[in-house]
Amino acid sequence: MTHADFPAALLHRLRHARHIAVLTGAGISAESGIPTFRHAQTGLWSQYDPLELATPQAFQRNPRLVWDWYAWRRQLVAHAQPNAGHTALVAIQRHAPQFTLITQNVDGLHQQAGSTAVIELHGNIRRIKRADDGVIVTAWTETEGELVRCPQTGSLLRPDVVWFGEMLPPDALDAARVAAQTCDVFFSIGTSGLVEPAGSLPRLALHAGATLVVVNPEATFAPHNDVYLLQGAAGVLLPQLVAAVWGD
Ligand code: OAD
């Protein structure tokens, strides 16, 4: 897409927006080499069963299997670099009078790119907590094949991510809902929108009167008057949009 391909009304709306809110999903990190969840061939859920890996019951059944799977993903994330999509959101934060970044991602790449005050709806894979009381633990030792425990209390350790069937952090969810209801432009970037409650945020924003901008190579949103569907990769489209709106 060139500058001329973005609708002039969208560029005008963004230039004059008082509050821009953004929801991101796995798609924004795809160009950093992190697999999404629902891609038919490469998606994590096409190769692994969420019920075996991403539920409290799975952890009760086989804590070591769950630990190892997250340790593998932590490695992937540790070696990944933010891409041009993440960087473009840092630029939008710089330009917008008010900006809220809400992510379903657990990879921490927004913060690594320089985004601040990121609302993490599903936790962060880089943090480890005790399974029994949720206290964050920063040091532990691992022995091949053995359960990984807190050196202080002996409790099992787990990633600080939200599993299916668990509550989202209430403060994060509240802040996300308030942002959706008070922004004038809401971006939905790289998410299938299939997981609740995050999946409802774009509609919440739309119903509250915001302009919705969807960035995704696939059609995830039905055409609608107040919705701009930007079809393509976030790492390509977002820098072009930033350049078209703010000239950088
Ligand atoms: P999904 O895997 O469901 O969807 C990823 C979306 O990103 C798809 O709609 C793709 O078309 C799109 N996409 C792929 N490449 C892209 C690119 N380069 N630029 C823009 N979009 C691109 O991932 P999420 O919607 O994030 O939850 O999934 C939501 C939740 O389901 C995750 O947070 C996770 C998972 O189970 C938990 O772990 C609690």
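Atoms within each ligand, like the ligands themselves, are counted from 1 in listed order.
Nearest to atom 21 (N) of ligand 1 by heavy-atom distance, out of Pro217, Ala234, Gly232, is Pro217. The residue from Gly165, Gly85, Pro50, Ser192 that puts a heavy atom closest to atom 3 (O) of ligand 1 is Ser192.
Residue Ala26 places at least one N or O, backbone or side chain, under 3.5 Å from an N or O of ligand 1. For ligand 1, the polar-atom distance check finds no N/O of Gly235 at less than 3.5 Å from any of the ligand's N/O atoms. Considering backbone and side-chain atoms alike, His39 places every N or O at 3.5 Å or more from each N or O of ligand 1. In terms of polar-atom proximity, Gln104 is counted as a contact of ligand 1, with an N or O under 3.5 Å from an N or O of the ligand. Residue Ala30 places no N or O, backbone or side chain, under 3.5 Å from any N or O of ligand 1.
Applying the 4.0 Å criterion to heavy atoms of Trp45 picks out, from ligand 1, the atoms 35 (C), 36 (O). Annotation for ligand 1: atoms under 4.0 Å from non-hydrogen atoms of Ala233 are 17 (C), 18 (N), 19 (N). Short contacts between ligand 1 and Glu31, defined as distances under 4.0 Å to a heavy atom of the residue, involve ligand atoms 17 (C), 18 (N), 19 (N). Taking every non-hydrogen atom of Glu218 and a distance limit under 4.0 Å, the qualifying atoms of ligand 1 come out as 11 (O). Atoms of ligand 1 lying under 4.0 Å from any heavy atom of Val162, numbered from 1 in the order shown and given with element: 39 (C). Residue Gly190 approaches ligand 1 through these ligand atoms, each under 4.0 Å from one of its heavy atoms: 5 (C), 6 (C), 7 (O), 20 (C), 21 (N). For ligand 1 and Gly25, the ligand atoms under 4.0 Å from any heavy atom of the residue are 26 (O).
Contacts between Thr220 and ligand 1, counted as non-hydrogen atom pairs separated by less than 4.0 Å, involve the side chain only. Under 4.0 Å from ligand 1, heavy atoms of Arg38 appear from its side chain as well as its backbone.
Here the protein heavy atom with the shortest distance to atom 17 (C) of ligand 1 is Gly27 O, 3.3 Å. In terms of protein heavy-atom proximity, atom 27 (O) of ligand 1 is closest to His122 ND1, 3.5 Å. In terms of protein heavy atoms, atom 30 (C) of ligand 1 is closest to Val195 CG2, 3.6 Å. Residue, atom and distance of the protein heavy atom nearest to atom 32 (C) of ligand 1 are Phe37 CE1, 3.5 Å. Asn216 OD1, 3.4 Å is the protein heavy atom nearest to atom 12 (C) of ligand 1. Atom 25 (O) of ligand 1 has Thr191 OG1, 2.7 Å as its closest protein atom, hydrogens excluded (heavy atom only).
Geometrically, Arg158 engages Trp163 in a cation-pi contact defined by less than 6.0 Å to the ring centre and at most 45° from the axis. The side-chain tip of Arg74 points at the ring of Trp67 from less than 6.0 angstrom away and within 45° of straight on.
Cys183 approaches His19 most closely through the heavy-atom pair CB-O, 3.4 Å. Nearest approach of Ile102 to Phe186, heavy atoms of both residues: CD1-CE1, 4.2 Å.
For Arg127, the CZ atom is densely surrounded, since the number of other residues' heavy atoms within 6.0 Å is greater than 12.
Summarising the geometry, atom OG belonging to Ser29 is positioned 4.5 Å from atom CG belonging to Asn105; distances are rounded to the nearest 0.5 Å.
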Subject >> side-chain contact (heavy atoms from CB on, under 4.5 Å) assessment of Asp107 paired with Leu76 >> reply: CA-CA 9 Å; Asp107 56 33; Leu76 270 183; over 6 Å; no
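Electrostatic pairing of Glu142 and Arg149 does not count as a salt bridge here, judged by no charged N lying under 4.0 Å from a carboxylate O.
Using modelled atom types, no side-chain atom of Glu166 and backbone atom of Thr55 make a donor-acceptor pair closer than 3.5 Å. No donor-acceptor pair under 3.5 Å is formed between the side chain of Arg130 and the backbone N or O of Val135. Gln181 places no side-chain N or O within donor-acceptor distance of the main-chain N or O of Ala208, the cut-off being under 3.5 Å. Under a 3.5 Å cut-off, the side chain of Thr211 and the backbone N or O of Val185 do not form any donor-acceptor pair.
Counting only N and O atoms by type, the side chains of Gln112 and Arg126 include a donor and acceptor under 3.5 Å apart.
Under a 4.0 Å heavy-atom criterion, Gly43 is not in contact with ligand 1.
Using a 30° and 60° split on the angle between ring planes, His95 and Trp246 fall in the parallel class, below 30°.
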